[in-house]
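Only heavy atoms go into these numbers, but all of them, side chains included; no hydrogens, no water, no symmetry mates. Order of appearance sets the numbers: ligands from 1, and atoms from 1 within every ligand.
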Amino acid sequence: MNAAVSFIDGKSPAGSQLDNLNQWVTEAAALTQPDHIHWCDGSDPEYAALVQQMQADGTLLPLNPDTHPDSWLHRSSPSDVARVEHLTFVCTPERDAAGPNNHWMSPADGHAQMDALFAGCMRGRTLYVVPYCMGPIDSPLARCGVEITDSPYVVANMRIMTRMGAAALARIEREGSFVKGLHSIGELDPERRFIMHFPEELTIKSFGSGYGGNALLGKKCHALRIASHQARREGWLAEHMLIVGIENPQGEVHYIAAAFPSACGKTNLAMLIPPQSYREAGWKVWTVGDDICWMRPGADGRLYAINPEAGFFGVAPGTSEKSNPNALASIQHGTIFTNVAVTDDNQPWWEGLDKRVPAKDWQGRDYDPANGPAAHPNSRFTVSAKQCPSYSPRAEDPQGVPISAIVFGGRRASLVPLVFEARDWTHGVLVGASMGSETTAAATGAVGVMRRDPMAMKPFCGYNFADYFAHWLSFDQPGAKLPKVFHVNWFRKGEDGQFLWPGFGENLRVLEWMIERVQGRAEAIEAPIGLLPKPGHFNLQGVGMTAETLADLFKVDPDAWRDEFDEISEYLRSYGPAMPDELCAEAQRTLAALS
Ligand code: GTP
Ligand code: SPV
Ligand code: MN
């Protein structure tokens, strides 16, 4: 059967606005040679049929239907459990456009390499056409894409993570433009695995992995790497940020966008439950998004943000009734779990959940502590955002929410205090640009190694960081009402190796200080690296922290910071003349203040 000449199952949609899409699907089918083509409509029966098929072939294992209805476990290939940054490329005509922050290949070489992998790869398989919309379907800030994939697991995840199906296709038909993503799991061979981006062509090609960020192309590939390009061109920002609304006892809601690197606390902060005293006083927290934020200046000069996603692809380990009750409540039904362990009564389990002992580990082996953690450290849940008890009613607002504060943060065992505020926008951009963080299990490679991860975008910025920082600086325009910028570190440790700050719900205290700074109510003291909370202006009531621990938590060591800023200056200079002078000058200002 020749899939190139006819749509075998499911008819191709009519309408001349879709010629472009139909032609691309025809070409992809000619290249990959699937047995069947299925156009996804995103309906419930379609999802049910996909799940049933995956259950029949073992791709999905049913979990305990009494405790976790409509929930499944997927065990991935053990060599396919995280993003692969060393195999991720940005293919621009000029190497400089991708910058030293990306792996680069010319578009011609990139296409040739990928097309050789795709040739005939879908024989015996079904090609799924997955139209999706990133952002509320009627939002002017939203953008559409179409993913072609041979993985029903990817289709099911895309349905949870995006607005997928008929409505997205209708918008594509109206607009005529969309991001093209071609994906195949291939043989899941790490030696034949690449994720390539062609920003000028709004195209993604991903081969050989079924894992989240490598395979759900709407997420990091489209909503960050490709979108960051579009954003630069069109005057907006595509960021690796959560969006959370904080409602104070007066009923005012301030929205905060926060960039932390992968597995550094975005989902947790986005779903925070206030400490009891705050709850009693009337504080509430509203989740808008947990991973990606698109924002642009509104008519009033403020930045307005949408969450382009419709679901959460969250880290399972560490999620518990104590750390993140909202996440736990969200994943009691209708959830796909990937690479978690199971208990003897077939409930999903991971380290940090509770004291039970699992029966099977993430690879399906009888649990043996000698084999390492029962759940993979990067095991995940996929769930609709609508299932989150704190899901904000404003999350579906097509105009987005106004942002009061932008927060940068990393995982730093030493040096960096709990919170500080940037002096102004330019300093704020420097604070973001000079972020460092210890690596985590969200990407393959060593864990716990400190690296520069500007704005948590090191793996995700689809163009040269020097140009990206210039783009950030460009928002400081007359009439702009930009958010205040802060830096946080939940992960500073004491000499005993323990975290100094309790974190999680208690982080609301830090957000409260930020909001009061925005309102001009709380005071700060000037330090060379920025503004620190003035004692008495930061609520520590009920935390039970000794004065000594508190001093360690907020300590700014000028000698150590001088070393840090020498390194930061060198890092910025390594980008060459394209690095904005303004940013280097700002780093010099801090360095001078430290001397
Ligand atoms: P990605 O989905 O990979 O982008 O990760 P994320 O930034 O959403 O990270 P997430 O919220 O899932 O947290 C990752 C890990 O950090 C989990 O093991 C959490 O338990 C831990 N964590 C989150 N917040 C805190 C905190 O305030 N303090 C401490 N000590 N750990 C935290
Ligand atoms: C991350 O690694 O930052 C994630 C998970 O949010 S993934 O979708 O794989 O990128
Ligand atoms: Mn992420």
Side-chain angles (χ1 to χ4, degrees), residues 76 80-85 88 154 157-158 160-162 195 206 209-225 239-244 258-273 287 289-293 307 309 311-320 322-324 326-328 331 338-339 350-353 373 375 377-382 407 409-413 418-419 437-445 447 453 455-460 488-493 497-511:
S76 79
D80 185 34
V81 293
R83 282 183 295 99
V84 283
E85 296 180 5
T88 300
V154 165
N157 276 270
M158 284 292 285
I160 298 173
M161 294 304 296
T162 72
I195 296 97
S206 166
S209 168
Y211 170 76
N214 302 330
L216 313 179
L217 301 186
K219 198 170 174 57
K220 299 299 166 63
C221 299
H222 175 164
L224 290 178
R225 297 196 192 94
E239 300 300 324
H240 190 202
M241 292 178 173
L242 67 95
I243 308 166
V244 66
F260 309 152
S262 302
C264 289
K266 289 183 301 300
T267 301
N268 276 272
L269 192 67
M271 297 179 189
L272 173 158
I273 299 229
T287 308
D290 82 326
D291 198 51
I292 302 181
C293 164
N307 170 17
E309 301 192 278
F312 308 123
F313 182 62
V315 177
T319 306
S320 72
K322 187 157 178 289
S323 66
N324 193 345
N326 276 325
L328 207 59
I331 58 181
T338 301
N339 293 336
W350 46 83
E351 276 70 17
L353 174 62
N378 192 40
S379 54
R380 300 253 168 185
F381 52 77
T382 318
V407 181
R411 191 180 275 271
R412 296 295 295 264
L418 179 65
V419 60
S437 196
E438 290 145 25
T439 52
T440 65
T444 56
V447 168
D453 190 351
M455 284 135 172
M457 285 287 277
K458 169 71 187 70
F460 307 121
V488 301
N489 178 23
W490 314 142
F491 300 95
R492 196 172 196 175
K493 289 180 176 171
Q498 300 294 308
F499 292 121
L500 290 168
W501 178 246
F504 302 101
E506 304 295 337
N507 292 335
L508 182 57
R509 298 169 186 276
V510 179
L511 303 184

Practice problem: Below 4.0 angstrom from a heavy atom of Ser262, which ligand 2 atoms are there? Numbered from 1 as shown, please. | Solution: 1 (C), 2 (O), 3 (O)
Quiz prompt | Lys220, any N or O under 3.5 Å of ligand 2 N or O | solution = yes
Quiz item: Does an N or O from Gly213, backbone or side chain, lie closer than 3.5 Å to an N or O of ligand 2?
Solution: yes
Quiz item: Closest non-hydrogen protein atom to atom 8 (O) of ligand 2, residue and atom name please, with distance?
Solution: Lys219 CE, 2.9 Å
Quiz item: Out of curiosity, is Arg380 lining ligand 2, as in a heavy atom under 4.0 Å away?
Solution: yes
Quiz prompt | Side-chain heavy-atom pair Asp80, Asn214 within 4.5 angstrom cut-off | solution = yes
Self-check item: Separation between CG of Asn324 and CZ of Phe504, rounded to the nearest 0.5 Å
Solution: 8.5 Å
Self-check item: Geometric cation-pi criterion, Lys266 with Phe260: 6.0 Å, 45°
Solution: no
Quiz item: Going by atom types only, do Asn378 and Arg380 share a side-chain donor-acceptor pair under 3.5 Å?
Solution: yes
Practice problem: Answer yes if the side chains of Asp290 and Thr267 hold a donor-acceptor pair under 3.5 Å, and no otherwise. | Solution: yes
Quiz prompt | Derivation of the salt bridge (Lys or Arg N to Asp or Glu O under 4.0 Å) call for Glu438 and Arg412 | solution = CA-CA 7 Å; Glu438 290 145 25; Arg412 296 295 295 264; 5.2 Å; no
Self-check item: Numbering as shown, the atoms of ligand 2 that approach Phe460 to under 4.0 Å (heavy-atom distance)
Solution: 3 (O)
Quiz prompt | Contact summary for Asn489 and Gly410, nearest pair of heavy atoms | solution = OD1-O, 3.2 Å
Practice problem: For Asn268 and Trp490, test the side chains for any donor-to-acceptor distance below 3.5 angstrom and give the result as yes or no. | Solution: no
Quiz prompt | Any Asp291 side-chain heavy atom under 4.5 Å of Lys219 side chain | solution = yes
Quiz item: So does Lys220 have any N/O/S atom less than 2.8 Å away from the Mn ion (ligand 3)?
Solution: yes
Quiz item: Tyr211 heavy atoms, cut-off 4.0 Å: which ligand 2 atoms fall inside?
Solution: 5 (C), 7 (S), 9 (O)
Quiz prompt | Pairwise side-chain contact, Ser206 with Leu217, heavy-atom cut-off 4.5 Å (strictly under) | solution = yes
Self-check item: Minimum-distance atom from the Mn ion (ligand 3) among N, O or S atoms of Asp291
Solution: OD1
Self-check item: For Ala442, the ligand 2 atoms whose distance to one of its heavy atoms is below 4.0 Å
Solution: 2 (O)
Exercise. Can you sort out which atoms of ligand 2 are near His240, meaning under 4.0 Å from one of its heavy atoms?
Key: 3 (O)
Is there any protein N/O under 3.5 Å from an N/O of ligand 1, and what does the full list of such pairs look like?
residue  : atom   : partner : partner atom : Å
ligand 1 : 2 (O)  : Arg380  : NH1          : 2.7
ligand 1 : 3 (O)  : Ala263  : N            : 2.9
ligand 1 : 3 (O)  : Arg380  : NH1          : 3.4
ligand 1 : 3 (O)  : Arg380  : NH2          : 2.8
ligand 1 : 4 (O)  : Lys266  : NZ           : 2.7
ligand 1 : 4 (O)  : Asp291  : OD1          : 3.0
ligand 1 : 5 (O)  : Ala263  : N            : 2.7
ligand 1 : 7 (O)  : Cys264  : N            : 3.3
ligand 1 : 7 (O)  : Gly265  : N            : 3.1
ligand 1 : 7 (O)  : Lys266  : N            : 2.8
ligand 1 : 7 (O)  : Lys266  : NZ           : 2.8
ligand 1 : 8 (O)  : Lys266  : N            : 3.4
ligand 1 : 8 (O)  : Thr267  : N            : 2.8
ligand 1 : 8 (O)  : Thr267  : OG1          : 2.9
ligand 1 : 9 (O)  : Cys264  : N            : 3.4
ligand 1 : 9 (O)  : Gly265  : N            : 2.9
ligand 1 : 11 (O) : Lys266  : N            : 3.4
ligand 1 : 11 (O) : Thr267  : N            : 3.1
ligand 1 : 11 (O) : Asn268  : N            : 2.9
ligand 1 : 11 (O) : Asn268  : ND2          : 2.8
ligand 1 : 13 (O) : Gly265  : N            : 3.4
ligand 1 : 13 (O) : Asn268  : ND2          : 3.4
ligand 1 : 16 (O) : Arg411  : NH2          : 3.3
ligand 1 : 18 (O) : Pro317  : O            : 3.4
ligand 1 : 27 (O) : Phe504  : N            : 2.9
ligand 1 : 27 (O) : Asn507  : ND2          : 3.0

Quiz item: For ligand 2, does Phe312 get within less than 4.0 Å through its side chain, its backbone, both, or neither, judged by non-hydrogen atoms?
Solution: neither
Practice problem: Could you list the atoms of ligand 2 found under 4.0 angstrom from a heavy atom of Asp291? | Solution: 6 (O)
Practice problem: Indicate yes or no: at least one non-hydrogen side-chain atom of Lys458 is less than 4.5 angstrom from one of Pro261. | Solution: no
Quiz item: Do the ring centers of Phe313 and Tyr211 come within less than 6.0 Å of each other?
Solution: yes
